[in-house]
Amino acid sequence: MQPILSIKNLSKTYASGLSALAEVDLDIARGEIFALLGPNGAGKSTLINIICGIVTPSTGTVTVDGHDIQRDYRAARAMIGLVPQELTTDAFETVRKTVSFSRGLFGLPKNPDHIERVLRDLSLWEKRDSRMMQLSGGMKRRVLIAKALAHEPRVLFLDEPTAGVDVELRQDMWRLVRRLREQGVTVILTTHYIEEAEEMADRVGVIRRGRIILVEEKAELMRKLGRKQLTLHLQTQLSELPESLAERGLELTGGGRELVYTYDSQGERTGITRLLNDLASSGIAFSDLQTRQSSLEDIFVDLVRERA
Amino acid sequence: MAMNWPAVRAIYVFEMSRFLRTATQSILAPVISTSLYFVVFGAAIGSRMTMVDGVPYGLFIVPGLMMLSLLTQSITNASFGIYFPRFAGTIYEILSAPVSPVEVVLGFVGAAASKSILIGLIILATAALFVPLRIDHPVWMLAFLFLTAVTFSLFGFVIGLWADGFEKLQLVPLLIITPLTFLGGSFYAIEMLPPFWYTVSLLNPVVYLISGFRWAFFGQADVAIGVSLAMTLLFLTLCLAAVTYIFRTGYRLKS
């Protein structure tokens with residue numbers, strides 16, 4: 001199937017000479033949830049802003065469902081909803097008016113039922129006649145999402161949607177994202193909270209210094225790059241590792257009370273049996289053990305650091 | 001592709017509701033200042049003045065007073081209208097919406113021009129309380145009102161795009177438009193000036209606007225009506241060209 005979003009050879013150099021994006025190629029499949037990860041200043045927002053028409057690309061093309069974002073900008077933009085990172089709102093407008101305004105801006109006739117549904121979905125209905133300036137930061141964030149959904153977009157961009165947002169709103173937001181996905185909406189999000197990408201995303205892209213350095217199915221990424229660690233809590237304190245165990249990649253921590261063994265979860269032989277046998281023959285007894293799989297966050301930190 | 005009329009409407013309604021929210025300020029202010037002008041120039045000084053071009057002085061200043069408000073209001077409304085979303089960041093939504101530059105301009109400039117035409121008519125109504133009005137060419141009067149409001153709203157739109165701070169927003173109306181209007185014959189016929197200053201005045205574009213407007217009221221003017229009309233249209237064209245250039249290059253809107 002044709003990707004809903006296709007980015008080819010996209011570069012952006014700002015007038016200041018800053019190169020924000022370099023030769024980005026990326027296809028987003030219809031209906032997927034794609035998480036774009038990257039440190040601050042990596043080019044996440046620039047990429048989103050180009051696709052949405054706020055920043056002009058230097059080179060390259062972007063098509064949304066086959067519509068070029070420059071030549072056929074009306075058709076392309078009509079499909080896209082954008083929730084920006086900054087909380088920018090019209091202070092004096094009421095919630096309902098500002099959300100209806102967004103729908104009109106996207107060329108759609110009034111539809112109070114749809115607006116009501118969106119406001120209710122985001123727990124904003126009670127606040128529909130409040131002015132924006134009377135709302136808390138979290139409520140404003142909800143309004144920005146409502147504005148982006150007012151014109152029933154097929155692709156939704158969430159730029160750092162949960163920055164500075166309380167737990168309740170975060171959970172509401174993820175419920176909403178799941179519901180949108182059920183309706184076939186494609187969701188592309190950037191986030192700092194990697195656990196969210198881990199929980200929500202189908203695929204993950206990592207961007208660093210304007211380049212996409214990795215795009216992978218989340219499960220695949222976790223499988224490929226994920227490492228496991230076995231931690232053994234020792235019965236007696238060790239001052240140093242016995243010679244027989246020195247070459248195993250073992251680490252002695254916790255003041256000599258813990259042995260940490262890192263292994264590749266994909267390997268045919270994890271070496272655990274041998275390790276435990278060797279420990280027994282060295283007379284090292286342990287009181288407890290646990291294993292831990294590295295999270296997406298660990299993987300991400302490794303990736304960004306490795307290639308720095 | 002067809003015009004996105006719902007977007008034009010949305011922007012227009014948004015801008016007009018901003019105007020109505022501050023209705024007291026935006027309607028009362030011109031009424032009060034017009035009344036003050038009439039008290040000072042019409043009653044206090046005007047009673048000691050002879051007729052100007054066969055028109056009582058109190059009546060003579062009506063077109064100039066309307067023009068003064070029309071120019072400053074058009075510029076202020078339109079420049080603020082587009083500057084504020086840039087300043088607040090809400091412009092992102094307009095930039096990411098399927099709207100063409102023509103639609104954005106129609107919405108913002110249309111609303112700003114509507115407001116200043118409304119204010120112009122309010123001033124006219126206020127003036128009617130002080131002097132018996134006389135309008136020889138009402139259709140031309142409305143045509144000049146409309147053309148001037150649109151032209152200077154476009155000019156204000158350009159300023160709102162150019163400004164990178166609130167001071168710059170005030171700069172042009174305060175330092176250029178107000179002096180040009182006062183010196184452009186709002187309160188006198190430029191023929192009353194010594195020959196040298198008369199010639200200098202002809203370099204002031206506002207002279208042609210006021211002169212044309214006054215012709216619509218009293219059938220007489222400082223310069224030929226055709227020249228006034230041509231100058232107004234020329235300025236309109238210049239503003240349209242500037243707006244077109246801005247959207248084509250993305251100047252101060254997009255990076």
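Naming: A, B, ... by sequence-line order, numbering from 1 per chain.
- No more than 12 heavy atoms of other residues, nucleotides or ligands lie within 6.0 Å of CZ in B:Phe87, so this atom counts as exposed by the packing criterion.
- When the heavy atoms of residues 151-158 of chain A are compared with those of chain B, none of the residues falls under 4.5 Å.
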Quiz: residues 2-10 of chain A side-chain donor-acceptor pairs under 3.5 angstrom, not counting sequence neighbours:
from	atom 1	to	atom 2	distance (Å)
A:Ser6	OG	A:Lys8	NZ	2.8
A:Ser6	OG	A:Asp27	OD1	2.9

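- Contact count versus chain B (heavy atoms, under 4.5 Å) is highest, among A:Pro109, A:Ala15, A:Pro84, A:Ala91, for A:Pro84.
- Interface residue B:Ser100: backbone and side-chain heavy atoms are both found under 4.5 Å from chain A.
- At a threshold of 4.5 Å between non-hydrogen side-chain atoms, the residues A:Glu93 and B:Ser17 count as touching.
- The line from OG of B:Ser96 to CD1 of A:Ile54 is 5.0 Å long, rounded to the nearest 0.5 Å.
- The distance from atom CZ of A:Arg131 to atom CZ of B:Arg21, rounded to the nearest 0.5 Å, is 6.0 Å.
- Across all their heavy atoms, B:Pro98 and A:Tyr73 have their closest contact at C-CE1, 4.5 Å.
- Atom CZ of B:Arg9 sits about 4.5 Å away from atom NZ of A:Lys110, to the nearest 0.5 Å.
- When the shell of 6.0 Å around CH2 of B:Trp140 is examined, it contains 12 or fewer heavy atoms from other residues, nucleotides or ligands.
- The main-chain N or O of A:Leu105 is found under 3.5 Å from a side-chain atom of B:Asn4 such that the two form a donor-acceptor pair.
- Considering OG1 of A:Thr56 and CG of B:Leu95, their distance stands at 9.0 Å, rounded to 0.5 Å.
- B:Ile94 touches chain A through backbone and side chain together, each having a heavy atom under 4.5 Å away.
- Ranked by non-hydrogen atom pairs under 4.5 Å with chain B, the options A:Ser102, A:Ala76, A:Gly81 are led by A:Ser102.
- Residues B:Arg18 and A:Phe92 form no side-chain contact, since every pair of their non-hydrogen atoms from C-beta on lies 4.5 Å or further apart.
- Residues of residues 142-150 of chain A that come within less than 4.5 angstrom of chain B, heavy atom to heavy atom, are A:Leu144, A:Lys147 in numerical order.
- Scored by the ring pair (Phe, Tyr, Trp, His ring centres under 6.0 Å) test, B:Tyr92 finds no partners at all (sequence neighbours excluded).
- Counting non-hydrogen atoms of other residues, nucleotides and ligands closer than 6.0 Å to CD of A:Glu116 gives a total above 12.
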